[in-house]
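Position 1 is the first residue of the sequence, and the numbers go up from there. Counting starts at 1 for both ligands and their atoms, following the listed order. The model shown is predicted, which means the values in this text are computed figures rather than measured ones.
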Amino acid sequence: MRVIIQNDYENLSLWAARYIANRIRAFEPNANRPFVLGLPTGSSPLGTYAELIRLNREGYVSFANVVTFNMDEYVGLARDHEQSYYTFMWKNFFNHIDIKAENVHILDGTAKDLEEECRSYEDAIAAFGGIELFLGGIGADGHLAFNEPFSSLSSRTRIKSLTYDTKVMNSRFFDHDMSKVPSQALTVGVKTVSDSREVIILVNGHNKARALQATIEGGVSQSWTCSALQLHPKALIVCDEAACGELKVDTYKYFKDIEGDNLSVAAMLK
Ligand SMILES: N[C@@H]1[C@@H](O)[C@H](O)[C@@H](COP(=O)(O)O)O[C@@H]1O
């Protein structure tokens with residue numbers, strides 16, 4: 001596992017966006033061989049999306065041959081609901097880049113047969129040859145996508161009930177009214193994420209410090225689903241100083257030292 005520690009959220013976002021842009025450029029995707037990118041919602045990726053939009057507008061990276069799969073979606077929210085993840089993604093990212101609408105995949109939380117919706121999502125990922133790079137965030141309880149604590153580490157896309165804590169956290173988007181927060185979501189599984197050839201997780205802020213500690217230093221455990229990344233051959237954590245509060249000094253120093261030359265945000269633009 002690599003851990004990139006940036007001073008603040010701004011630099012974390014620039015570094016992550018430039019890394020992703022460079023990966024897409026190096027892949028040289030075309031219509032027959034698209035770059036398959038997994039994407040999250042939430043506040044963590046907003047800065048990364050903003051920089052990717054800027055890089056796209058400047059002509060540094062194109063999404064014309066990028067295929068995306070989003071991590072999750074609330075059950076029961078229509079796509080045009082202002083808090084659906086569908087709305088979030090178009091508003092904050094897809095509307096501003098040169099991606100083709102037919103290349104965007106987002107689970108439909110209003111599908112008649114939700115189990116079939118999940119199965120066909122996994123089939124669609126497989127049909128594209130799997131995901132090249134999955135970008136994600138984590139919840140304060142370490143959830144990856146909506147894989148809440150004690151989700152199976154070999155889980156696939158399925159329906160999950162949200163924990164009380166997650167509903168409280170997400171109620172900020174629903175007028176702070178818990179009763180408006182959907183109780184269930186469709187989510188890719190831990191295994192769906194970890195089957196990707198590369199995983200990048202953004203972790204910022206003090207409230208994620210325990211989750212970051214569990215991801216890097218704790219044992220692999222279903223109680224912190226993010227810890228499954230320890231078994232991944234190419235997992236990359238991009239975090240800010242604030243999120244490092246629970247790491248051992250030695251751990252912190254190790255990653256700062258070993259990644260020293262790689263931390264420059266400016267040097268990421270080729
Ligand atoms: N399902 C999403 C996750 O994919 C996200 O990583 C997490 C953290 O959100 P934020 O980035 O806003 O802290 O919350 C949500 O519940």
Enumerated ligand 1 atoms positioned under 4.0 Å from heavy atoms of Arg172: 12 (O)

Electrostatic pair Asp195-Arg156, nearest N-O below 4.0 angstrom: yes

Is the ring centre of Phe63 less than 6.0 Å from the ring centre of Phe93? yes

Under-4.0 Å heavy-atom contact with ligand 1, by part of Thr187 that carries it: neither

Per-atom contacts, ligand 1 versus Asn170 - under 4.0 Å to a heavy atom: 16 (O)

Hey, looking at atom 5 (C) of ligand 1, which of Thr41, Leu39, Thr166, Val188 has the closest heavy atom? Thr41

Show me which atoms of ligand 1 lie under 4.0 Å from any heavy atom of Ile138. 6 (O), 8 (C)

Salt bridge between Lys160 and Glu148, side-chain N to carboxylate O under 4.0 Å? no

Quick one: which ligand 1 atoms are inside 4.0 Å of a heavy atom on Gly137? 6 (O)

Hey, does the side chain of His232 reach the backbone of Val193 with a donor-acceptor pair shorter than 3.5 angstrom? no

Checking side-chain polar atoms at under 3.5 Å, does Tyr121 have a donor or acceptor matched by the opposite partner on Glu73? no

Would you say the rings of Tyr74 and Phe146 are close, in the sense that their centroids are separated by under 6.0 Å? yes

Give me the one residue out of Leu135, Leu236, Thr48 that meets side-chain contact (heavy atoms from CB on, under 4.5 Å) with Tyr19. Leu236

Identify the closest protein heavy atom to atom 3 (C) of ligand 1: which residue and atom is it, and at what distance? Ala145 O, 3.5 Å

To which protein heavy atom is atom 1 (N) of ligand 1 closest, and what is the distance rounded to 0.1 Å? Asp72 OD2, 2.8 Å

So, is His143 polar-close to ligand 1, with some N/O to N/O distance under 3.5 Å? yes

Identify the protein heavy atom lying closest to atom 13 (O) of ligand 1, giving its residue, its atom name and the separation to 0.1 Å. Lys208 NZ, 2.7 Å

Run the numbers on Glu51 and Ser13 for side-chain hydrogen bond (donor to acceptor under 3.5 Å, both in side chains), then give the verdict. CA-CA 7 Å; Glu51 174 66 358; Ser13 302; over 6 Å; no

For ligand 1, note which part of Ser44 has a heavy atom under 4.0 Å away: side chain, backbone, both or neither. both

Starting from atom 9 (O) of ligand 1, what is the nearest protein heavy atom, named by residue and atom, and what distance separates them? Gly42 CA, 4.2 Å

